[in-house]
Structures are given as structure tokens and as C-alpha cells.
Amino acid sequence: MTTYIQKLKQFLSDEKELLMDLAIEVAEADTQSSYTEAKTKYNEQRIRVQTIQDAIELVSDVKAVS
């Protein structure tokens with residue numbers, strides 16, 4: 001189980017890096033359409049990061065109960 005948690009944490013770290021890159025794209029958008037596109041990608045990635053965090057918590061909880 002520890003291996004799964006470690007892999008999920010590495011996955012989370014990678015996805016957070018992408019989230020930061022997308023945040024920069026939002027900040028640097030120079031037109032409304034590029035802003036909207038960047039913001040949409042950012043929001044999708046934010047949800048993905050939250051889902052991975054939730055999965056880590058769930059696996060950690062299952063491990064604690066075992």
C-alpha cells in the first residue's frame with residue numbers, strides 16, 4: 001500500500017507542476033479568448049489535482065484501518 005501512496009504522491013507532484021504552468025498561462029493571456037482557453041485548462045487541471053489528493057487521502061485512510 002505504501003508503494004501506491006508514493007506513486008500517487010509523485011503523480012500529484014507532477015500534476016501540480018502542470019497546474020502552476022497553466023496558472024502562468026492564465027496570467028499571461030493577452031486576449032479574452034486566450035484567457036478563457038487558459039482558464040478552462042487551469043480549472044480542469046485544478047480538479048484533477050484535487051481528485052488525486054482525495055485518492056491519496058482515501059488510500060491513506062484504508063491503510064490506517066488495515
Side-chain angles (χ1 to χ4, degrees):
M1 189 77 64
T2 302
T3 302
Y4 294 120
I5 294 171
Q6 289 173 342
K7 287 183 179 188
L8 282 169
K9 286 182 177 180
Q10 180 58 51
F11 183 41
L12 177 62
S13 177
D14 295 343
E15 293 301 306
K16 280 184 173 181
E17 275 187 47
L18 179 55
L19 184 64
M20 291 302 297
D21 292 343
L22 292 170
I24 292 169
E25 284 184 29
V26 171
E28 293 178 346
D30 55 354
T31 65
Q32 184 62 38
S33 63
S34 64
Y35 172 81
T36 301
E37 183 179 341
K39 184 69 172 165
T40 298
K41 289 178 183 178
Y42 173 83
N43 286 336
E44 290 170 353
Q45 186 65 19
R46 187 177 48 81
I47 292 167
R48 183 178 174 108
V49 165
Q50 184 60 53
T51 302
I52 298 166
Q53 288 174 331
D54 291 346
I56 291 170
E57 289 178 22
L58 178 64
V59 172
S60 295
D61 290 347
V62 168
K63 181 182 176 197
V65 171
S66 298

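Note on I52 and L18: same hydrophobic cluster, where clusters join Ile, Leu, Val, Met, Phe, Trp and Tyr whose side-chain heavy atoms are under 4.5 Å apart, directly or indirectly. Linking Ile, Leu, Val, Met, Phe, Trp and Tyr whenever their side-chain heavy atoms come within less than 4.5 Å leaves V26 and M20 in two separate clusters.
Between Y4 atom OH and F11 atom CZ the span is 15.5 Å, to the nearest 0.5 Å. Atom NZ of K7 is separated from atom NZ of K9 by 15.0 Å, given to the nearest 0.5 angstrom. Here the CG-CG distance, from L19 to N43, works out to 9.5 Å after rounding to the nearest 0.5 Å. Taken to the nearest 0.5 Å, the CG atom of D21 stands 9.5 Å off from the CD atom of Q45. With rounding to the nearest 0.5 angstrom, the CD atom of E57 is 11.5 Å from the CG atom of L8.
The minimum heavy-atom distance between I56 and L12, with the atom names listed, is CD1-CD2, 3.8 Å. When every heavy atom of S60 is checked against every heavy atom of I5, the shortest pair comes out as OG-CD1, 3.8 Å.
Remark: the backbone N or O of I47 is paired with a side-chain donor or acceptor of T51 at under 3.5 angstrom.
With a 4.5 Å cut-off on side-chain heavy atoms, V49 and R46 do not count as touching. Looking only at side-chain heavy atoms (C-beta outward), K16 and Q53 come within less than 4.5 Å of each other.
Between R48 and E44 no salt bridge is recorded (no basic side-chain N to carboxylate O distance below 4.0 Å).
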